[in-house]
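Before any comments, here is the structure.
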Amino acid sequence: MNHKIISGIIAALLAGTAATAAEPPAPCGAVPTEQQLKWLRMEWYAFVHFGLNTYTNKEWGYGDEDPKMFNPSKFDADKIVSTFKQAGMKGMIYTAKHHDGFCLWPTKSTEHNITKSPWKDGKGDVAKEFADACKKNKIKFGVYLSPWDRNCAEYGKPGYLDVYYKQISELLTNYGPIFEIWFDGANGGDGYYGGAKERRNIGKADDYYNFTKVVELIRGLQPKCIIWGAACRGDATWGGSEKGFVLYPYWNVHTNQGDINARQKRKMDDTPAKNERWVSFEADTTINGAGWFWHPNQAGRVKNPEHLMNEVYMKSVGYGANLILNVAANRDGELDPADVDALQRFGEARRQLLSTDFAAKAKGTASNVRGGDKKNFGASKLVDGDIESYWCTDDGVTTGDVVLKLAKPATFDVVRVREQIRLGQRVQDFAIDAWVNGAWETIDAEDPQNGKSIGNQVMRRVKPVTTDQVRLRITKSRACPCISELSLLKMPDFSKISAPADKQDTGLAKKDWKCAEAPKAIDGKADTFWHADKAPASFTVDMGAVHKVASFSYTPRQDGKVQDMTDRYTMELSKDGKAWKKVSEGEFGNLRANPIEQHIEFPATEARYFRFTATRSIEGSGSSAAEINIYPAK
């Protein structure tokens, strides 16, 4: 045969092969819905706790609070929302009803609502003002609606469900698009309950609220709304702490097995289960250590931008979850200036971190490319700036590597990797290498005990390295890996961003205090604590001199245990140690999930002695206190 004809046939065959695009892989295991995908790409947004608790200095209201207390004189929703926008946040969620049952919109479901407050002559609607401000500032609006209602007489009975379903319907009907609805996990306990003032137990929350019906109701009203909680029947769930981090490795897989360890396995099964469903985690925390609602003297406890970056953002968004960061409004309806300052500085730090990707447009080579189709599945897809494109290997090839050659040497200390999660979460182990002094050096190795996940994204801190070549090695995967991005980033210089932290007010000096019964409760050390085998139990402190005091703080045990953790108390004062006056009693709310220092105000009183009584604990029959501080009247 003529050599020219043969060459032409070969050329035609090769051209035909090159023109044939490889087929994308089939999904592996659970995949996110379109609304989950868009939600994950928001990364972070604000939480705003603002209601009657703002005025009572409580975290959990009892349910008997007077609506007349709510009267913010300077509330400006646009000012608050624009602050979030400037920081780079993508949305906000407002606590439209907390456990006290007070509704911050003119609901028809209960009389315990904002129409009974003097604010705007009872014609105000905080939810609407926030919704309108979000629309104006082009960020998304969401609502928090507590299932627990300590005010409603019907709570714990079938009649409450009509009330609660009506509240859901109102919020999802009258306020435009809702990107997320938040259902808290606190359910049942002491409450006012229409004057009954008793403890009510609802049993299993999923059975009482009928979350299957709740999800159906929400899907019918707003199908694009992310459902947080709902006994894990929704789209997202709690990250496991209120400190702003999730566990790692992090898997977006739920098999309806119950507790958090089943939802987030430390090791991912090699073979997807038939009942796998995509449920993502959301990490939540406050911008300061004072609590979810605004509290006096909180300015000195604000978290600086470096802490927010390293201990919160990198351990939530950096692990593939979303972050909801609480910034509470004060009694005037404004954000605390210290909170705003920290938020804006952190926002700038985040912008600087993400501003330069040293891997952008690098030249890439891969050990395996799906079907040899470099155009659609080649290594260049990791650095093309398109989150939807991805490098992929052939079916059955579950390990592989990509080498990126940078245009010039770069210094970086953060590596971000993303999977194409439309096809499921696959990678179970990976490593990152850099070419240093003529050889490959592993700068982030796989974890032999638990493996390492990628999923939506993972940002890994590595030691600062300068190089012009980086290698991503996939060492284990449930199916052929599908990697959409590899970015090389650098942490900002926090010394040029962070303002000096305010010194926290620790109250009266304790050098002259005496207490033989509970010295560890007044030693100034949060890692020690007083413990008694019974409750009630009390101790008396001689402060050495008479002071005019107006508040105290209680820090619960900080060893990670809730056994004998005091959650109800009385505080008494005396000038002579004989005649006592009770100045405060009540509940320390939300300690199980967020065991932080609690600050309690009382009428200014002259006293030399105080007596703290622990009247109940979360679990067990004992009592404890890590630290008690007393604050002078101002």
Side-chain angles (χ1 to χ4, degrees), residues 43-44 87-88 245 248 304-320 323 344-367 378-387 389 391 400-419 427 429-447 452-454 456-475 483-499:
E43 288 196 358
W44 75 306
F245 65 83
Y248 184 82
N304 64 42
E306 190 169 6
H307 175 92
L308 290 170
M309 176 65 79
N310 292 321
E311 301 304 320
V312 178
Y313 185 79
M314 290 296 292
K315 294 181 179 179
S316 56
V317 176
Y319 287 168
L323 169 64
Q344 297 297 0
R345 289 174 183 272
F346 169 67
E348 176 58 27
R350 178 179 174 272
R351 278 189 287 269
Q352 289 188 25
L353 171 67
L354 303 177
S355 63
T356 302
D357 179 2
F358 297 105
K361 306 301 181 182
K363 301 296 183 181
T365 56
S367 60
S380 64
K381 299 304 176 181
L382 298 186
V383 292
D384 63 359
D386 182 359
I387 197 173
S389 67
W391 162 63
D401 61 71
V402 170
V403 175
L404 295 182
K405 173 70 174 176
L406 311 185
K408 60 181 180 180
T411 301
F412 59 90
D413 55 12
V414 176
V415 179
R416 180 170 69 183
V417 190
R418 295 181 187 269
E419 287 188 71
V427 175
D429 266 308
F430 68 93
I432 301 163
D433 308 322
W435 187 257
V436 180
N437 296 326
W440 287 112
E441 178 181 321
T442 298
I443 57 177
D444 185 63
E446 61 267 46
D447 183 337
K452 284 181 13 184
S453 60
I454 298 177
N456 174 54
Q457 68 174 312
V458 61
M459 287 189 274
R460 302 289 293 178
R461 289 296 303 266
V462 299
K463 66 179 184 180
V465 60
T466 301
T467 185
D468 64 349
Q469 290 189 75
V470 174
R471 179 172 65 184
L472 169 67
R473 288 185 288 122
I474 305 300
T475 56
I483 311 299
S484 64
E485 181 185 289
L486 174 59
S487 296
L488 306 177
L489 311 171
K490 192 173 189 308
M491 276 289 172
D493 182 351
F494 286 99
S495 67
K496 297 179 180 180
I497 296 174
S498 299

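Positions are given from 1, in the same order as the sequence printed here.
Note that OG of Ser484 and NZ of Lys381 are 12.0 Å apart. Values are rounded to the nearest 0.5 Å. Between Asp433 atom CG and Thr442 atom OG1 the span is 4.0 Å, to the nearest 0.5 Å. Rounded to the nearest 0.5 angstrom, Tyr313 OH and His307 NE2 are separated by 15.5 Å.
One finds no salt bridge joining Glu348 and Lys496 here, because no Lys/Arg side-chain nitrogen approaches an Asp/Glu carboxylate oxygen to under 4.0 Å. Note on Arg473 versus Asp401: no salt bridge recorded, every NZ/NE/NH1/NH2 to OD/OE distance being 4.0 Å or above. Look at Lys463 and Glu441 and you find a salt bridge, because one of the NZ, NE, NH1 or NH2 atoms lies within 4.0 Å of a carboxylate O, short of that distance.
Counting only heavy atoms from C-beta outward, the side chains of Val312 and Leu323 approach each other to under 4.5 Å. Side-chain atoms of Asp444 and Phe430, non-hydrogen and from C-beta on, do get closer than 4.5 Å to each other. Residues Leu472 and Ile483 have side chains in contact (heavy-atom distance under 4.5 Å, counting atoms from C-beta outward). Here the side chains of Pro492 and Ile497 are in contact, with some heavy-atom distance below 4.5 Å. Looking only at side-chain heavy atoms (C-beta outward), Met314 and Phe245 stay at 4.5 Å or farther from each other. Counting only heavy atoms from C-beta outward, the side chains of Trp391 and Ile474 approach each other to under 4.5 Å. At least one side-chain heavy atom of Val403 sits less than 4.5 Å from a side-chain heavy atom of Gln469.
Minimum heavy-atom separation, Arg416 to Glu43: NH1-OE2, 4.3 Å. Across Ala359 and Leu488, no two heavy atoms sit closer than the pair CB-CG, 3.8 Å. Here the shortest heavy-atom pairing between Asn456 and Gly320 reads ND2-O, 3.7 Å. Closest of all the heavy-atom pairs between Leu486 and Asp357 is O-OD2, 4.3 Å. Taking all atoms of both residues into account, the shortest heavy-atom contact from Gln344 to Arg351 is O-NH2, 4.4 Å. The two residues Gly400 and Ser367 have their closest heavy-atom pair at CA-OG, 3.4 Å.
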Side chain to side chain contact (heavy atoms under 4.5 Å, CB included) for Tyr248 and Lys452? Distances and angles first, verdict last.
CA-CA 8 Å; Tyr248 184 82; Lys452 284 181 13 184; 3.5 Å; yes
Could you please spell out the steps behind the side chain to side chain contact (heavy atoms under 4.5 Å, CB included) verdict for Phe346 and Glu306?
CA-CA 7 Å; Phe346 169 67; Glu306 190 169 6; over 6 Å; no
Let me see the working for Ser487 and Glu485 under side chain to side chain donor-acceptor pair (under 3.5 Å), right down to the final yes or no.
CA-CA 6 Å; Ser487 296; Glu485 181 185 289; 3.0 Å; yes
Stepwise side chain to side chain contact (heavy atoms under 4.5 Å, CB included) check, Leu489 with Thr356:
CA-CA 6 Å; Leu489 311 171; Thr356 302; over 6 Å; no
Working note: Arg471 + Trp440, criterion side chain to side chain contact (heavy atoms under 4.5 Å, CB included); need CA distance, chi angles, decisive distance, verdict.
CA-CA 8 Å; Arg471 179 172 65 184; Trp440 287 112; 3.5 Å; yes
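For the 3.5 Å distance criterion, the side chains of Tyr319 and Gln457 fail to qualify, holding no donor opposite an acceptor. Looking at Arg461 and Asn310, their side chains do bring a donor and an acceptor atom within 3.5 Å of each other.
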Output side-chain donor-acceptor pairs under 3.5 Å for residues 404-414, partner residues at least two apart or in another chain, one line each.
residue	atom	partner	partner atom	Å
Lys405	NZ	Asp468	OD2	2.7
Thr411	OG1	Thr466	OG1	2.5
Asp413	OD1	Met491	N	2.9

